[in-house]
Amino acid sequence: MSLSLPLARVWGSIDARFDRIAMGLSGLCLVHCVATTVLLTVLSSAGALLHPAIHEIGLMLAIGMGVLTLGRGIVSHGYFMPAVVGAFGLGIMAGALAIPHGGFETFWTLMGVSLVALGHDLNRRATY
């Protein structure tokens, strides 16, 4: 018995709904990034800042969801492209955390989130 058969059953049991959930979370991340930029611009004179840990926790959740859903996609349909696009987007998001706060951080985060959402959409379409 091949090792890949039990692995395929495990990954196959994870429903494609996770891709839809991940795409929704990517959309919420986009809204968060834009709203935070606008909010910080408005509140900058008052000195209000948001805790940076939310971005690190969000990235960890995005990586976990990406590994779960995009990995399931590789096993179920055999296409690597959705996972490659999603992983590239996650890398851009991680790199954006190292950039000082400002316009470029927001730009690269939005680009990364968009690529992650595209990876999940490609994965969802390849599954069905």
Engineer: Applying a strict under-4.5 Å side-chain criterion to I, L, V, M, F, W and Y, I'd like to know whether I92 and L122 cluster together.
Structural biologist: yes
Engineer: Enter the distance from T109:OG1 to I99:CD1 here, rounded to the nearest 0.5 Å.
Structural biologist: 7.0 Å
Engineer: Say whether F107 and F88 are linked into one hydrophobic cluster, either directly or through other cluster members, by side-chain heavy-atom distances under 4.5 angstrom.
Structural biologist: yes
Engineer: How long is the straight-line distance from CD1 of I21 back to CG of L28, given to the nearest 0.5 Å?
Structural biologist: 11.5 Å
Engineer: If you define the side chain from C-beta out and look only at heavy atoms, does anything of R124 sit under 4.5 Å from M23?
Structural biologist: yes
Engineer: Which residue is it: V85, I74, L70? I am looking for the one with a side chain to side chain contact (heavy atoms under 4.5 Å, CB included) to F80.
Structural biologist: I74
Engineer: Does a side-chain heavy-atom distance below 4.5 Å link P82 with R125?
Structural biologist: no
Engineer: Using a 4.5 Å cut-off on heavy atoms from C-beta on, say whether the side chain of L59 contacts that of E56.
Structural biologist: no
Engineer: So, does N123 use its side chain to make a donor-acceptor pair with the main chain of A83 at under 3.5 Å?
Structural biologist: no
Engineer: Which pair of heavy atoms, one from A22 and one from M65, lies closest together, and at what distance?
Structural biologist: CB-CG, 3.4 Å
Engineer: For the residue pair G89 and L115, what are the closest heavy atoms and their distance?
Structural biologist: CA-CB, 3.7 Å
Engineer: Are L110 and I63 connected in a single hydrophobic cluster, I mean Ile/Leu/Val/Met/Phe/Trp/Tyr linked by side-chain heavy atoms less than 4.5 Å apart?
Structural biologist: yes
Engineer: How far apart are the closest heavy atoms of A96 and E105, and which atoms are they?
Structural biologist: O-CG, 3.4 Å
Engineer: Verify side-chain hydrogen bond (donor to acceptor under 3.5 Å, both in side chains) between H120 and S26, making sure each step is shown before the conclusion.
Structural biologist: CA-CA 10 Å; H120 285 295; S26 294; 5.4 Å; no
Engineer: Between V116 and G86, which heavy-atom pair has the shortest distance, and what is it?
Structural biologist: CG2-O, 3.6 Å
Engineer: Could you give the distance from CH2 (W108) to CG (L97), rounded to the nearest 0.5 Å?
Structural biologist: 14.5 Å
